[in-house]
Amino acid sequence: MTPAPLLVCADLTRSFGGLVALDGLSVELKQGEILGLIGPNGSGKTTFFNVLTGLYPATRGEVRFGGLTLTGARPQAVYRAGITRTFQRSRLCLELSIFDNLAVGAHQQLDHGLYFNLLRRRALARQADATATAARELLEIFDPPLAARLFEPVAGIAMIGRRRVEICRALISRPKLLLLDEPSAGMTADETAHLMDDLLEVRRRFGDLSIILIEHEMSVIARVTDRCVVLNYGKKLCEGTYAEVSTNTEVRQAYLGLA
Amino acid sequence: MTAARARVRSALATLVLAVPCTLLLYGFLAAESEGKVALVLAGATLAAALGWRTGLLGWAVRASGQGGLALGFALSGLALVAAFHEDPFVLLLLARALIALVACLGLHVQLADAGVPNFAGAAFFGVGGYTAAVLGKGALPHAVVLLACGALAAAVGSVLLLPLLRTRGHYAALITIAFGLLFRTFFEVNESLGGPQGLKLGGLEVLGFHFNDDRHVLGLEWSGYAFYALAALALALAALSLVRRLERSWLGLALDAVRLDETAAACFGVEVARWKIGAFTLGNALIGVAGGLSAMMVGFIAPNNFTFQESLVLVSILLLGGLGNLAGLAVATLIVVCLPEKLQPIQEYRYLLFSVLVVLVLVLRPAGLVRRTARRSFGSAAA
């Protein structure tokens, strides 16, 4: 018997006025699987992430994650359930340090009690130390020089570094599912290859992390994904391994306009 | 470095910082002609510039550490109160500045930490004042009355929470402006609270100690305002410590996340609304306590003391000092509260000079006198 899937989205729909950005999408994801999400611009990929993470309420449909029903859940509840994400355009807090940004990612592990924060300063310092250690360990995997710059503002760090910090922010809470929205945008081929190696490495270390990856770089999709879903006009065009999907006539038509 | 040597170094740095500041402040407060005020201001500017250029200022601030800075602030305050022990005008000015600092610390938590604007600072200050006027007459101990001033200001502020949570930026600011205007009108037409004539208050009294009385202590004749200045100093120190600890903790970090990017914060579990409510409420409580103490000290309140203009002055202190920096806030409070009083002899031009100062700061240092710096570690290495 196959184990129950980690994530089940059924008939997920989101419309903005008359525009149906996401149209009856049904997707399943197994634990530990890496799913590629591809499709032309405006095909509803990011909308899918926004609905899944509770930023937009779904117009119709259902999301189940682990044993939980996440339909209509708020972003905070989605995070607590173990889903974190990165954003297409970096949404780090630029004036805060790398450490602060990662600590925001670790929000649920930190003690936010008034008494603890204002009066138990030693215990707070110990928690800060432990968080800094966790942050360094994570940064070491992606970018060791960044680990040495832990308390520098993110604003002073190059684009590629920022993207890595953003991924670390999403990983530090040890999520079960990571949503990556075009992590390779603006990176060179080398940097992209390096980033993907690191992600595979993270998955090896963190056990059964599942990933949904939005990506336009097909070499990345081919290399790291177990399975792909192709979207077009908010609808699922087809689904399968990259090899299957890339030879599908409909997909080629949507992307290249070929008959 | 051993602990003992670190302590000596910290004490030394505190002295390097506190002694010139105290002397300059003494000179400023003692100066009687505009010429002398200008001279002291020039001296202060020169000292600040020199300290900045040589790196001495930065070193002293870092080496003092939190404890050192607080100690320096307290000692400097005590020295000034002792130096002016029988000059009610200077003592009142000092106390007013310290009370304004407490109110501005409240605004700081709201605007600089959580990003919630509050252009009704004077109104919440007024809620504290009216609470002190009404409850101060009863049998309640005045320490409890002061806490009640904070609690009531926070409670009144909760009326604004719903609209504030549904709006951002300019729109949120407009809501607080409207509230401030309504507040004043409400007290003007409300005869049971004195109407436009306002209310009189008795002085502060804690454990049988009447703050209003002049008295003979340690062989010196002390003006009653000296005791108010000391009470204000204690309150300012407590508020500084509270806000400082808040900012250098997970709480401050959560507020930063809310201010800088609500969407990203929400995606990492930060309950945006809860944090905004907390910051707005705590800020109003601080403003309310400050308002209560101020009313007891002045002995009289009327709706005209709590106008929109007064709220603007509080916000301008924040902008002048630099959002996100408590040292800058303290300096700006002193400048904005004390400078106009000192320039009183040239009445007609003092607001003009003040406006020029604000414009100059906004042009030359748009981030305020002291810029916000990224939070350093509050791990054990930094403690």
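Convention: sequence-line order gives letters A, B, ...; per-chain numbering from 1.
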Determine whether more than 12 heavy atoms belonging to other residues, nucleotides or ligands lie under 6.0 Å from atom [atom1] of [X].
| X | atom1 | answer |
| --- | --- | --- |
| F16(A) | CZ | yes |
| R120(A) | CZ | no |
| L364(B) | CG | yes |
| F151(A) | CZ | yes |

Evaluate the side-chain proximity of [Y] to [X]: yes if any heavy-atom separation is below 4.5 Å, no if none is.
| X | Y | value |
| --- | --- | --- |
| L96(A) | L253(B) | yes |
| R259(B) | E95(A) | yes |
| L246(B) | N117(A) | no |

For a quick test of reading the model, state the closest non-hydrogen atom pair linking [X] to [Y] and the distance between them.
| X | Y | value |
| --- | --- | --- |
| R121(A) | R248(B) | NH2-O, 3.0 Å |
| A257(B) | C93(A) | CA-SG, 4.5 Å |
| R91(A) | D261(B) | NE-OD2, 2.8 Å |

| message | Applying the side chain to side chain donor-acceptor pair (under 3.5 Å) criterion to W250(B), which one of Q127(A), H107(A), H112(A) satisfies it? | response |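 It is Q127(A); the other options fail the test.
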For chain B, find which of [options] contributes the most heavy-atom pairs closer than 4.5 angstrom.
| options | result |
| --- | --- |
| D111(A), T53(A), L150(A) | D111(A) |
| R85(A), Q108(A), R169(A) | R169(A) |
| P75(A), G54(A), A132(A) | P75(A) |

| Side chain, backbone, both or neither: which part of T131(A) has a heavy atom under 4.5 Å from chain B? |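 Interface part for T131(A): side chain.
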| task | Would you mind checking which part of V78(A) comes under 4.5 Å of any heavy atom in chain B, side chain (CB onward), backbone (N, CA, C, O), both or neither? | result | neither
| message | Rounded to the nearest 0.5 Å, what separates atom CZ in F268(B) from atom CZ in R80(A)? | response | 14.0 Å
| field | Distance in Å, S249(B) OG paired with L119(A) CG, rounded so as to fall on 0.5 Å steps | value |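 If we round to the nearest 0.5 Å, S249(B):OG and L119(A):CG are 11.0 Å apart.
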| Under the criterion side chain to side chain contact (heavy atoms under 4.5 Å, CB included), which of L55(A), T84(A), L179(A) is the partner of C267(B)? | L55(A)
| message | Please classify the contact of A264(B) with chain A as side chain, backbone, both or neither, using a heavy-atom distance under 4.5 Å. | response | both
